[in-house]
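Below is one structure, written out as structure tokens; comments come after it.
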Protein chains: 2
Amino acid sequence: MPNPPTIKEIAKRLNLATSTVSRALHNHPRIGLKTRMQVQALARELQYEPNQTAIFFQQKKTFTLGIVLPELSEAFFSAAISGIEDTANKSNYMVLLGQSHDDTAREQKIVEIMKNHRVDGLLVSLAKNTVQYAHFEMLRKYNIPVVFFDRIPDMKDIHYVASNMESGTVQAVSLLLQQGHRVIGMINGPEKLIASRQRTTGYQKAMQQQRLKYDATLNIHSDLTKEGTRQAMQQLLSHKRKITAVVAFNDYVSQDAVQYAAERGIQINKDICFVSYANLPLSSYMAYPPLASVEQYPYLQGQKATEILLDLLSGKLAPDAYQQVIIDSRLVIAPKK
Amino acid sequence: MPNPPTIKEIAKRLNLATSTVSRALHNHPRIGLKTRMQVQALARELQYEPNQTAIFFQQKKTFTLGIVLPELSEAFFSAAISGIEDTANKSNYMVLLGQSHDDTAREQKIVEIMKNHRVDGLLVSLAKNTVQYAHFEMLRKYNIPVVFFDRIPDMKDIHYVASNMESGTVQAVSLLLQQGHRVIGMINGPEKLIASRQRTTGYQKAMQQQRLKYDATLNIHSDLTKEGTRQAMQQLLSHKRKITAVVAFNDYVSQDAVQYAAERGIQINKDICFVSYANLPLSSYMAYPPLASVEQYPYLQGQKATEILLDLLSGKLAPDAYQQVIIDSRLVIAPKK
DNA sequence: AAAATTTGCGCAACCGTTTGTCCAGCTGTT
DNA sequence: AACAGCTGGACAAACGGTTGCGCAAATTTT
């Protein structure tokens, strides 16, 4: 047999109408028991499998979720996608993948292609410097729901799941203060990122709680590249006040900062303590694991975002019942060595 | 406009046949310049986008590649998929994802679903304990080409890309021998895995080259779980000959082994040196990075496998011209601390 | 100027499935 | 016996696009 058996084939062999066969296979009550059995038997024998592309076309539904995210090789995203895929699969959805590589143009192209592929919905984590959202607005016209996660846009009326860095940051800074640190540097991300602002706010609140003054010059905004981090660290080290602790934007930044500091002869976790945000797995294996780390639950975020999207698709959730889920970040203190 | 514009819509407005519109949009030479321009102008105006699901159905082609792999959150695989996605995208293919979680049943189900989704081809890295390949054999009947990568099956007549652990292992063991180690333990993987056998062969060859005797009791096969690793390490530590170096199956195993050894009061990289295979990123940040690490080039493997699959699909490569690409692994020596 | 080609476009089938509607025959009611 | 109500299945349209073929008009060839 060169080409797979179709419903027509079955109909012809049994001298039935294709509609009858179709209904028989779906256990439609209007089809008599005898014919139903016949059809199903022959279907099994021929190893009939419905042609999904035909069904997709006919039903205008593909049971496919599009995922757009910056970089798969970042541990955070691969954990998130793991959660997405697991959740989607439970509802028999498949997952179509696209990496923006933090390039807005690529992001736009991927969204366009996914739209044409008629994905039923989209899960998106923005490219670092995406500031225009026309390619997402457009999807409304096509009734393709979008749920953003982690890197969410500054738009009204969207669904999203994100972790609030503020709570974790408050906890992190509080921990440091409690341990006696008074001059705490922060290597923060680009100012326009919401996550950066949350870190700043968290820092401020923690200080405020202890009636301490927030010093903005200790909060350095970097571009998160290795070079940027090194410059930020340099600034912190040459600050007129002597810093004894650093809150780094994430583990990658933290490790780069640690490296830079170590090169300058600084004793890690002695002269300067580091607190970070967990992006790396197995931080327990690291040479200088941060004192503590703010966990962002990427798998959970992916899972939750997918659940929302599926509910949107099944109609369990109205399209304009905008879901905005905040997953509180939480400080996890590293076990004492 | 509730539903997107179709080719029929354009035809009606312009009083043309749908066939003419279709051809005009494809710049078919038999369509006059004037009508062609009209059609294209209106298409732009209406923001016409072809309905891909209709095209997929009609053309029996989806421009979609299925990827089946064990675990996205393993760094090796997320790097590989990154290479796959990048390469596929260059040829305007999309990528459909499925994780087997090292469960053969799930692997089978995913392959089944992907077949029904009519992916044009499949890229597969096997689940740890998959030993029956019926679900892949079946794909031949449907003319869905498969390219395996990294974890490849023991089948005849398949396409695959894999790294040869032998060369890297020879280099690794040779390095240890050269440094004076004589009793070298190996924590190997399940015996049926090709990659395990390659490591064994590599070990043997390196010994042979120095006219040394290979001691099979130093080569422990484990199941790669943390517990299995600890048991293996225990065996090695209680070996009658005192080992001074260990070659671990991969970085995860290596780290577990290191941990176990450290608990037993062993001085890492002093009493016992470790050499491993690179699965983890940023090994330079690890507390006890292996002395050296065998690099397997996951991104490259993904890329190469995808190229083969695409060539198969485009007909550049005959389906029975079985491609079996071996990417030599290479020992990378860690920079001295 | 007649014949041969080329140009430009329409007609209709087709891909595989679902689903609304119609119809024939049987059963049962009065 | 006539009529209504079921039952079980057939018919055909529709989803949106592609493509082989046919045919008239325009153009070129001899």
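In what follows, every heavy atom counts, from backbone to side chain, and hydrogens, waters and symmetry copies are set aside. Predicted model only: the values in this text are computed from it and were never measured. Convention: sequence-line order gives letters A, B, ...; per-chain numbering from 1.
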| field | Inter-residue atom distance B:Asn27.CG - B:Leu33.CG, 0.5 Å rounding | value |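 Answer rounded to 0.5 Å: 10.0 Å.
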| Taking the inter-plane angle between the rings of B:Phe77 and B:Phe149 on a 0 to 90° scale, is it parallel (under 30°), tilted (30 to 60°) or perpendicular (over 60°)? |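 Perpendicular.
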| task | For the pair A:Phe63 and A:Phe56, name the ring-plane relationship: parallel under 30°, tilted 30 to 60°, perpendicular over 60°. | result |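 Geometry flag for A:Phe56 against A:Phe63: tilted rings.
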Taking the minimum atom-to-atom distance to the side chain of [X], which one of [options] wins?
| X | options | value |
| --- | --- | --- |
| B:Thr35 | D:dC11, D:dG16, C:dG8 | C:dG8 |
| A:Lys8 | D:dG17, C:dG16, C:dA12 | C:dG16 |
| B:Lys60 | C:dG10, D:dT18, C:dG16 | C:dG16 |
| B:Leu16 | C:dG16, D:dG16, C:dC9 | C:dC9 |

| task | Tell me which of A:Ala54 and A:Thr20 sits closer to the 5' end of DNA chain C, going by the nucleotide each one is nearest to. | result |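 The residue mapped nearer the 5' terminus is A:Ala54.
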| task | Give a yes/no on whether any side-chain N or O of A:Thr18 is located under 4.0 angstrom from OP1 or OP2 of D:dA10. | result |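 No, A:Thr18 has no side-chain N/O under 4.0 Å of OP1/OP2 on D:dA10.
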Hey, is the main chain of [Y] close enough, under 3.5 Å, to the side chain of [X] for a donor-acceptor pair?
| X | Y | result |
| --- | --- | --- |
| B:Asp102 | B:Lys128 | yes |
| A:Arg151 | A:Leu126 | yes |
| B:Asp120 | B:Thr62 | yes |

| said: Just by distance, no angles: are the side chains of B:Glu71 and B:His101 close enough, under 3.5 Å, to form a donor-acceptor pair? | reply: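 B:His101 and B:Glu71 do have a side-chain donor-acceptor pair below 3.5 Å.
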| message | Pairing donors with acceptors under 3.5 angstrom, does anything connect the side chains of A:Gln99 and B:Asn89? | response |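 Result is no, nothing qualifies.
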| field | Near-strand residues of residues 22-31 of chain A, defined as heavy-atom separation under 4.0 angstrom from DNA chain C | value |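 The stretch gives A:Ser22, A:Arg23, A:His26 as the residues lying under 4.0 Å from the strand, ordered by number.
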| request: With heavy atoms under 4.0 Å as the rule, sort A:Tyr48 into base, sugar-phosphate or nothing. | output: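 Here A:Tyr48 touches the backbone only, sparing every base.
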| request: Give the angle between the helix axes at the two ends of the helix from C:dA1-D:dT30 to C:dT30-D:dA1, taking five base pairs at each end and rounding to 10°. | output: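 Taking the rotation axis at each end, their angle is 50°.
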| Do B:Ser19 and C:dC11 share a donor-acceptor pair, side chain to base, under 3.5 Å? |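 Indeed, a donor on one side and an acceptor on the other fall under 3.5 Å apart.
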| query | Going by ring centres under 5.5 Å and near-parallel planes (under 30°), is A:Phe57 stacked on C:dT17? | reply |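 No, A:Phe57 does not stack on the base of C:dT17.
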| Would you call A:Glu112 and A:Lys109 a salt bridge, taking side-chain N to carboxylate O under 4.0 Å as the test? |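 Salt bridge absent between A:Glu112 and A:Lys109.
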